[in-house]
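Some notes on the structure that comes next.
Numbers here simply count residues along the sequence, with the first being 1. All heavy atoms count here, side chains included; hydrogens, waters and symmetry mates do not.
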Amino acid sequence: MARYVCETCNRKGDYLEFGLCKQDHPDSVRPIIGHEEGQDIILSMTGKEIKFKDIDANYLNRFICFNAKIMQTSDIANYDIQKTFNCSKCGASKVIECNEFRDIFDKDFFQCTECEQAQMFIDKTQTIVGNLRKVVLQETIEEGDINPRRIEAHLTSKNVFEVKPGKDYRFEARLWSISMGKKGENYNRYVLDIKGLRCLDEDTDILPTPNEIEFLRNIEPKKIIESLAPQIMYRTSEKLASIISFLSGGRVDGIRGDLSCLYVGDPSVGKSDILNALHSLDKKSFKISGRSTSAAGMVMGVDNLPDGTRMATFGPVVQAHGHFVCIDEGDKMRADDMSMLHDVMEDEIAHLNKVGINMSVPAQTKIIMAANPKGSKYDEDATIMANIGMPDSFLARFGYIFLVLDDFTPEMERAKIQRINFIKVNGMERFVENEGLLSHENLMKYLNYAKRITPSYTSEALAKLEDLYIELKYRKQEKGALAIDTRAYYDVIRASYSFARFRLSQKVEICDINMAWRLYMESLKSFKMNTQGEFKDTQLASRDSTRQQFIDETLKECSLNGMINIDSLKLKLMERPKMFRTLGETECTIKELGDEGRLLATGVKGVYKYNG
């Protein structure tokens, strides 16, 4: 049964998809899928809309439309669409076309049908071929069950170059039933012949409206941070690091922009809850367990189709390209698995070199990992590296590494339990409303909006980081401490980019460097490493005491009956251009003063209470 017909020259056959008719009169080439009383039935490519899991024998040889995810792909191959044979004696020619299943006469010669005295031999210069790639499709997350269904599919023409692993697509296809290839067994398998596809992953983020953007701009940063896993208390630094990792990404001048995080600590301290909350903010992300995964299952592996075709199968790290993977129980991963993940985290490319298949695919994926120390509890008598139990080179791929201990005071523990009880009785929505936090949907909108901002670096900001890094680099640390090297410098640069996004700024200012550096100091302090003493929890601005003194004096000068007009404060601060070079830096400093509690909102726009 021919699949296409050209209404101009009345030629039929699968080869028309690639042949001259497509070039000379493409509007005349139409798909056909059957015959009725000897006449061709010409139908539209728009098939019946069904769910992937509902594909069954009722749809054999029919066009259907569905959504599915690319899970495995083969290398690109080719198949013969049309063969031409010439008689060596009479010169007669015969053209043989492949059938609807792409099967074609596989001999190189046969008896001439014209003179019947000589052989007709194939003219390979006249053979028309087409591209072919085999893939395995799976139900999308929205439609999938615990054990999602998979079906083999064949791509032809330009479609072979369109597919990307792990992406969701809308497909138009025809359902085939093909033999399993085992002699003596009457078993067939379903194969989908893909005729059209469209990626569904291009832009599906939930974004705020203009009015919501204005509302979100006025939310206190601490409220945004605590909106992530709001049931967890006293983990502000870990939550902030997770948000900063979420907002990181992209490559600048060939250098990766993704920032990964690692949380090492005692059981039941909220590590998994933070991972779960982060995972819920991005449906294209994955959450897996280091206990039950392998390098092949996590990154890339090899599988075989029933016909022996070698297929590259893609794990969560490749599928989450442009997003992130949360790995719980990372300490249970084997050394070989860490090694493969280590390579992908640095190069952001996954390589597969096995017999029958060689493939490299992009994997710009952030890793957010939670792990327990060796022996489950952190041993303060052992070195940091002995407690973590992971290779130095692997740890170097994480921008922020936090030690999370179960060391709450009785008062802190009681407050934690009281929060849990309140949420249990009244529900999370009531708690979020009472605390003035962002709802799950609004937090998602805020981060999706912030992630689209592309700030530019300022030379002043990078010069600031240069001084901070050199001073820390040459501070003496105990044996077995975390490494402080050039990778750490790059990680703080990546984090400052995310901090600029976090405050919805188009420029990476000195305040972003300060915030990124402060968070880095917090991560080192969690392991009791030697850091600059000047950096205190409430100090988010410059280390320069002269600058701080000027800020204090300006606040007092602008205060009238304990109230400060923000516009007047901005103008006064910018009278010192060497300290406040841009309006953005000035506004960032004022925002930091609010975070410190030195400027309190009054409900009147532009007017704050001075809390000296």
Side-chain angles (χ1 to χ4, degrees), residues 67-76 133-141 144 148 150 152-153 155 159-169 197 199-202 204 245-246 248-251 256-261 275 278-279 282-290 292-305 309-328 330 333-334 336-369 394 397-398:
N67 296 337
K69 181 188 294 289
I70 301 287
M71 296 302 295
Q72 299 177 356
T73 69
S74 69
D75 280 335
I76 297 177
R133 169 172 265 170
K134 297 180 181 181
V135 300
V136 172
L137 307 182
Q138 179 179 292
E139 293 175 75
T140 60
I141 295 175
R150 294 187 176 191
E152 177 186 343
L155 298 164
N159 290 335
V160 303
F161 305 105
E162 298 294 327
V163 293
K164 298 178 182 178
K167 297 293 186 182
D168 290 347
Y169 291 85
L197 57 88
C199 185
L200 301 176
D201 280 352
E202 295 305 322
T204 57
S245 177
F246 183 101
S248 67
R251 295 185 73 86
R256 66 179 172 91
D258 292 319
L259 183 76
S260 296
C261 295
L275 262 60
L278 200 65
H279 171 52
D282 187 351
K283 66 179 182 178
K284 299 169 190 173
S285 67
F286 289 81
K287 184 172 183 290
I288 60 177
S289 171
S292 59
T293 191
S294 65
M298 185 168 47
V299 184
M300 288 178 72
V302 177
D303 198 2
N304 293 328
L305 291 179
T309 302
R310 300 276 278 174
M311 305 287 288
T313 181
F314 306 107
V317 174
V318 172
Q319 293 183 52
H321 171 65
H323 302 273
F324 59 89
V325 173
C326 297
I327 304 178
D328 208 353
M333 293 172 59
R334 298 177 303 174
D336 291 346
D337 303 335
M338 290 184 189
S339 176
M340 188 167 187
L341 184 59
H342 155 276
D343 294 337
V344 176
M345 290 172 68
E346 182 61 27
D347 299 334
E348 296 190 319
I349 297 176
H351 303 281
L352 183 65
N353 303 102
K354 300 286 186 180
V355 176
I357 190 163
N358 292 279
M359 188 176 296
S360 297
V361 295
Q364 294 177 18
T365 306
K366 293 157 283 195
I367 303 297
I368 317 295
M369 181 182 290
F394 182 58
R397 298 310 187 260
F398 293 95

(request) Locate the shortest heavy-atom distance separating S245 from S260; write the atom from each residue and the value. (result) OG-CA, 4.2 Å
(request) Give the intermediate values and the outcome of side chain to side chain contact (heavy atoms under 4.5 Å, CB included) for residues V344 and T365. (result) CA-CA 8 Å; V344 176; T365 306; 5.9 Å; no
(message) Do S248 and K366 make a side-chain contact, defined as non-hydrogen atoms from C-beta onward lying under 4.5 Å apart?
(response) yes
(request) Of all the heavy-atom pairs spanning G297 and P316, show the shortest one and how long it is. (result) O-CD, 3.2 Å
(message) Are the side chains of M71 and F314 in contact, using a 4.5 Å heavy-atom criterion?
(response) no
(request) Applying side chain to side chain donor-acceptor pair (under 3.5 Å), run through T309 and K134 and close with a yes or a no. (result) CA-CA 8 Å; T309 302; K134 297 180 181 181; 3.2 Å; yes
(message) Between S360 (side chain only) and H351 (backbone N and O only), is there a donor and an acceptor less than 3.5 Å apart?
(response) no
(request) Compare every heavy atom of G330 with every heavy atom of M338, then report the nearest pair and how far apart it is. (result) CE-O, 3.8 Å
(request) Report yes or no: does K69 contribute a side-chain atom to a donor-acceptor pair with the main-chain N or O of T140 at less than 3.5 Å? (result) no
(request) Measure the spacing between SG of C261 and CD1 of I368 and express it to the nearest 0.5 Å. (result) 4.5 Å
(message) I'd like to know if the side chain of R256 and the backbone of D258 have a donor-acceptor N/O pair within less than 3.5 Å.
(response) yes
(request) Of all the heavy-atom pairs spanning E348 and M345, show the shortest one and how long it is. (result) CG-O, 4.1 Å
(message) Test of understanding: with ring pair (Phe, Tyr, Trp, His ring centres under 6.0 Å), list the residues that count as partners of F246, not counting sequence neighbours.
(response) F324
(request) Identify the two heavy atoms, one from V302 and one from T313, that lie closest to each other, and give their separation to 0.1 Å. (result) N-CG2, 3.9 Å
(message) Closer than 3.5 angstrom, by distance alone: can the side chain of R133 be matched with the main-chain N or O of S74 as a donor-acceptor pair?
(response) yes
(message) Does anything in residues 315-324 form a side chain to side chain donor-acceptor pair (under 3.5 Å)? List the pairs, not counting sequence neighbours.
(response) D282-H323
(message) Please evaluate residues V317 and M298 with respect to the criterion side chain to side chain contact (heavy atoms under 4.5 Å, CB included), reporting the C-alpha separation (whole Å), side-chain torsions for both, the decisive distance (0.1 Å), and the verdict.
(response) CA-CA 6 Å; V317 174; M298 185 168 47; 3.7 Å; yes
(request) Flag the pair L137 / Y169 as yes when at least one side-chain heavy-atom distance between them is below 4.5 Å, and no otherwise. (result) no
(request) Flag the pair I367 / I327 as yes when at least one side-chain heavy-atom distance between them is below 4.5 Å, and no otherwise. (result) yes
(request) Kindly indicate whether the side chain of M359, heavy atoms from C-beta on, has any atom under 4.5 Å from the side chain of D75. (result) yes
(message) Walk me through whether K164 and C199 qualify under side chain to side chain contact (heavy atoms under 4.5 Å, CB included).
(response) CA-CA 9 Å; K164 298 178 182 178; C199 185; over 6 Å; no
(request) Verify side chain to side chain contact (heavy atoms under 4.5 Å, CB included) between L155 and L197, making sure each step is shown before the conclusion. (result) CA-CA 10 Å; L155 298 164; L197 57 88; 3.8 Å; yes
(request) With sequence neighbours excluded, tell me which residues meet ring pair (Phe, Tyr, Trp, His ring centres under 6.0 Å) with F394. (result) F398
(request) Taking all heavy atoms of V361 and all of V318, pick out the closest pair and write down the distance. (result) CG2-CG1, 3.7 Å
